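One structure is given below, encoded as structure tokens.
Just so it is clear, the structure is predicted and the values come from calculations on it, not from any experiment. Each residue takes its place number in the sequence, starting with 1.
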Amino acid sequence: MAVELLSPEALEEEGKAMGHCLGREAWTWVFLGEKRFFGLRDGEGRPVATLALWRAPEGWRAAEVRGPGNAEVSPEVRAFAQELAEAARAPQSLAL
């Protein structure tokens, strides 16, 4: 499951839950339409990764996908992030 992070509070909560630097300061990027952030959840709704997309002239592109503490994600989570990125008209590859 993926949850788009659409408020300063949601961004801050994601950063705290995942133990990485995402927080309220990222809201400016979201507000200006430059980036989109998604919290990726397991089948029970627990956070497993955060996906960032950025706006490029050709459409949304994957910026990064990170697990707790900025760790690499499993192949399954990476595949799900890829599907989400493609749905947002992001590139074919999450080359990070």
Side-chain angles (χ1 to χ4, degrees):
M1 163 176 40
V3 177
E4 189 164 8
L5 307 172
L6 296 172
S7 71
E9 295 80 14
L11 294 166
E12 186 170 355
E13 288 174 18
E14 181 77 5
K16 287 180 182 178
M18 294 298 293
H20 55 53
C21 65
L22 184 62
R24 288 178 180 267
E25 66 280 353
W27 175 246
T28 301
W29 293 325
V30 174
F31 181 76
L32 295 174
E34 296 174 8
K35 287 193 176 185
R36 295 171 74 182
F37 297 93
F38 294 85
L40 307 183
R41 308 295 188 246
D42 67 13
E44 296 180 20
R46 295 180 299 233
V48 295
T50 305
L51 172 65
L53 304 178
W54 62 277
R55 183 184 296 279
E58 63 277 5
W60 291 105
R61 299 182 59 93
E64 63 182 326
V65 59
R66 296 287 180 209
N70 289 324
E72 292 295 319
V73 297
S74 70
E76 295 82 11
V77 170
R78 184 170 295 281
F80 178 69
Q82 177 66 42
E83 290 176 25
L84 182 60
E86 289 172 2
R89 299 179 195 257
Q92 289 293 94
S93 174
L94 286 178
L96 305 174

For this session: With sequence neighbours excluded, tell me which residues meet side chain to side chain donor-acceptor pair (under 3.5 Å) with Arg41.
Result: Glu14

Exercise. Considering residues at least two apart in sequence or located in another chain, which fulfil the side chain to side chain donor-acceptor pair (under 3.5 Å) criterion with Glu4?
Worked result: Arg36

Problem set entry | Ser74: side chain to side chain donor-acceptor pair (under 3.5 Å) partners, not counting sequence neighbours | Glu76

Exercise. Looking at NE2 of His20 and CD of Glu64, how far apart are the two atoms once the value is rounded to the nearest 0.5 Å?
Worked result: 8.0 Å

For this session: Kindly indicate, with the supporting measurements, whether the criterion salt bridge (Lys or Arg N to Asp or Glu O under 4.0 Å) is fulfilled by Glu34 and Arg55.
Result: CA-CA 5 Å; Glu34 296 174 8; Arg55 183 184 296 279; over 6 Å; no

For this session: Take Phe38 and Val65 through the test side chain to side chain contact (heavy atoms under 4.5 Å, CB included) and record every step on the way to the result.
Result: CA-CA 9 Å; Phe38 294 85; Val65 59; over 6 Å; no

For this session: Give the C-alpha distance, both sets of side-chain angles, the deciding distance and a yes or no for side chain to side chain contact (heavy atoms under 4.5 Å, CB included) between Leu40 and Phe80.
Result: CA-CA 9 Å; Leu40 307 183; Phe80 178 69; 3.7 Å; yes

For this session: Tell me whether Leu51 is reachable from Met18 by hopping between hydrophobic residues (I, L, V, M, F, W, Y) whose side-chain heavy atoms are closer than 4.5 Å.
Result: no

Problem set entry | Considering all heavy atoms, the nearest Gly67-Val73 contact | N-CG1, 3.5 Å

For this session: Applying side chain to side chain donor-acceptor pair (under 3.5 Å), name anything that partners Asp42, two or more places apart in sequence or on another chain.
Result: Arg46

Problem set entry | Over all atoms of both residues, closest heavy-atom pair of Trp60 and Ala88 | CB-O, 3.2 Å

Seminar exercise, completed: Here the pair of heavy atoms bringing Leu53 nearest to Ala85 is CD2-CB, 4.2 Å

Exercise. At what distance, to the nearest 0.5 angstrom, does CZ of Arg66 lie from SG of Cys21?
Worked result: 10.5 Å

Problem set entry | Members besides Val30 in its Ile/Leu/Val/Met/Phe/Trp/Tyr cluster (side-chain heavy atoms under 4.5 Å) | Leu5, Leu11, Leu22, Trp27, Trp29, Phe31, Leu32, Phe37

For this session: List in chain and number order the residues that pass side chain to side chain contact (heavy atoms under 4.5 Å, CB included) with Ala71, two or more places apart in sequence or in another chain; answer none if no residue qualifies.
Result: none

Seminar exercise, completed: Correct closest heavy-atom pair for Ala56 and Arg61 would be CB-CD, 3.3 Å

Seminar exercise, completed: Between Ala49 and Val77, the two heavy atoms sitting closest are CB-CG1, 3.7 Å

